[in-house]
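The next block holds one structure in the form of structure tokens; read it before the comments.
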Amino acid sequence: MKRARRSALVVLAGALPALAAAQDRLSVGGVSAGPGETASGWLVVPDGVDPGTRIPVSVVHGARPGKVLALVAGTHGYEYTSIVALQRLLPQLDPKRMTGSVILVHMANPLTFYGRRIYYGPDGKNLNRVYPGKADGTVSDRIAYALTREVIDKATHLADLHCGDGNESLRPYSYWQVSGNREVDEASRQLVLAFGLDHVVVDRDRPKDPAASSYTSNTAILRGKPALTAESGGMGLTDEPSVRAQEAGALSLVAFLGIMDAPSIRVEHPVWYDRSEVLRATATGIWHPTVEKMQMVAAGALLGRLTDPFGKVLQEVRAPFAGEVLYVVGTPPVSEGEPLGFVGHIAEAEPQP
Ligand SMILES: [Zn+2]
């Protein structure tokens, strides 16, 4: 009896450390960090019907368990501010001081970064419209699939970091997505406030089906994980204020989630846009904007003209309601269906879920 019990204990003692070690590591693809460690490497998206890619990832795994914040940069590879911000953030995260972990996706879409592509990957797809992705699709589908399984599924909170694309002149703002799940929506609102951008678009129109979540942040939210999308910068620039806003916002999230002491830039009373509309080209042509970002416009105000190559006006684009120009396309080429600008209506009162 006594002997039997002792041998059972020996077996347990032998199994426990291995079990604990398995639980304690945090791995994203082959990038694996033990408690108190940082690991950087590649999340490989294998070749399929077209060539794959490899996504640079850092896993900063706190000495003690806690929240797991995923920071995703470079979903659109011509949006550089977040990519630079995460390079700056990494050395500021000390896993030995951390309770919880941070997963940094330094560049979600390398093919669009090195290929200097706006909106679409080489397969013609917008990565931020194909989530949750699929293993047997083209490369954008496969990137989304890898990020859903390896990053979103392993995180408790997510921030998807964007700016105006290479052709978009944009004022900084965050999206607060209202999904209908009150608990997640309130937690997402707190994340948005913690990120610190003082203008917030309320978005109630994202898909509700987790199998067709389309967007990175929506994929997290429909899996019960609070998330935000932030926009700061644009036009292919890496200006200091735009990069700094992303870096400071990410650090502020780390502080808010109790992962590590860091400066908070939480905003208490942002400007909320309760209505917003993307204005799109009805034809392919040459764009001549007549407004700038952050300009206040009246309902019906002219935002710009789209012409054919000979100068004939194809479309006059007007504000659908009074509001602020959140972004406007700042370069001439435009294809039918693409965005020309984004107008937000300023809410009179703080929106509720
Ligand atoms: Zn983007």
Side-chain angles (χ1 to χ4, degrees), residues 53 55-56 70-86 104-131 133 139-141 143-144 147-148 151-152 158-177 192 195 197 199-201 203 205-207 213-221 227-239 242-243 245-247 249-250 273 276-280 293 325-331 334-335 337-342 344:
T53 186
I55 299 169
L71 300 168
V72 180
T75 288
H76 297 126
Y78 218 125
E79 300 176 4
Y80 302 140
T81 52
S82 60
I83 296 168
V84 176
L86 291 198
L104 297 87
V105 177
H106 293 281
M107 186 192 295
N109 202 345
L111 296 169
T112 59
F113 177 81
Y114 293 110
R116 296 193 185 90
R117 294 170 178 273
I118 64 163
Y119 300 150
Y120 314 112
D123 55 359
K125 294 178 183 173
N126 182 337
L127 174 58
N128 207 25
R129 297 295 184 277
V130 299
Y131 276 86
V139 66
S140 297
D141 302 307
I143 292 172
L147 292 176
T148 299
V151 175
I152 296 173
L158 179 139
D160 189 24
L161 306 176
H162 290 249
C163 63
D165 219 318
N167 56 332
E168 291 171 345
S169 174
L170 176 143
R171 72 113 59 245
Y173 62 91
S174 295
Y175 288 97
W176 173 40
Q177 188 191 324
V192 163
F195 194 81
L197 295 180
H199 288 67
V200 181
V201 172
D203 188 345
D205 297 328
R206 301 230 167 152
S213 48
S214 273
Y215 301 85
T216 315
S217 59
N218 194 36
T219 304
I221 285 167
L228 66 85
T229 303
E231 305 267 357
S232 171
M235 298 292 288
L237 302 175
T238 55
D239 57 292
S242 300
V243 173
Q246 304 250 13
E247 177 191 3
Y273 303 99
S276 56
E277 187 171 329
V278 174
L279 306 163
R280 293 180 182 278
K293 67 180 176 186
V325 177
L326 302 184
Y327 72 73
V328 60
V329 165
T331 58
V334 171
S335 295
E338 288 180 349
L340 297 169
F342 187 38

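Every number for a ligand or one of its atoms is a count from 1 in the order of the listing. All residue numbers in this chain count up from 1 along the given sequence.
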Can you tell me which N/O/S atom of His76 has the shortest distance to the Zn ion (ligand 1)?
ND1
Between Phe113 and Tyr80, is the ring centroid distance below 6.0 Å?
yes
Side chains of Glu168 and Tyr78, donor plus acceptor under 3.5 Å
no
Mind telling me whether Phe342 and Tyr327 have parallel, tilted or perpendicular rings, with 30° and 60° as the class edges?
tilted
Set out, in order, the CA-CA distance, both residues' side-chain angles and the distance that settles side-chain hydrogen bond (donor to acceptor under 3.5 Å, both in side chains) for Thr81 and Ser242, then state yes or no.
CA-CA 6 Å; Thr81 52; Ser242 300; over 6 Å; no
Answer yes or no as to whether an N/O/S atom of His162 is found below 2.8 Å from the Zn ion (ligand 1).
yes
Regarding Asp165, does it place an N, O or S atom less than 2.8 Å from the Zn ion (ligand 1)?
no
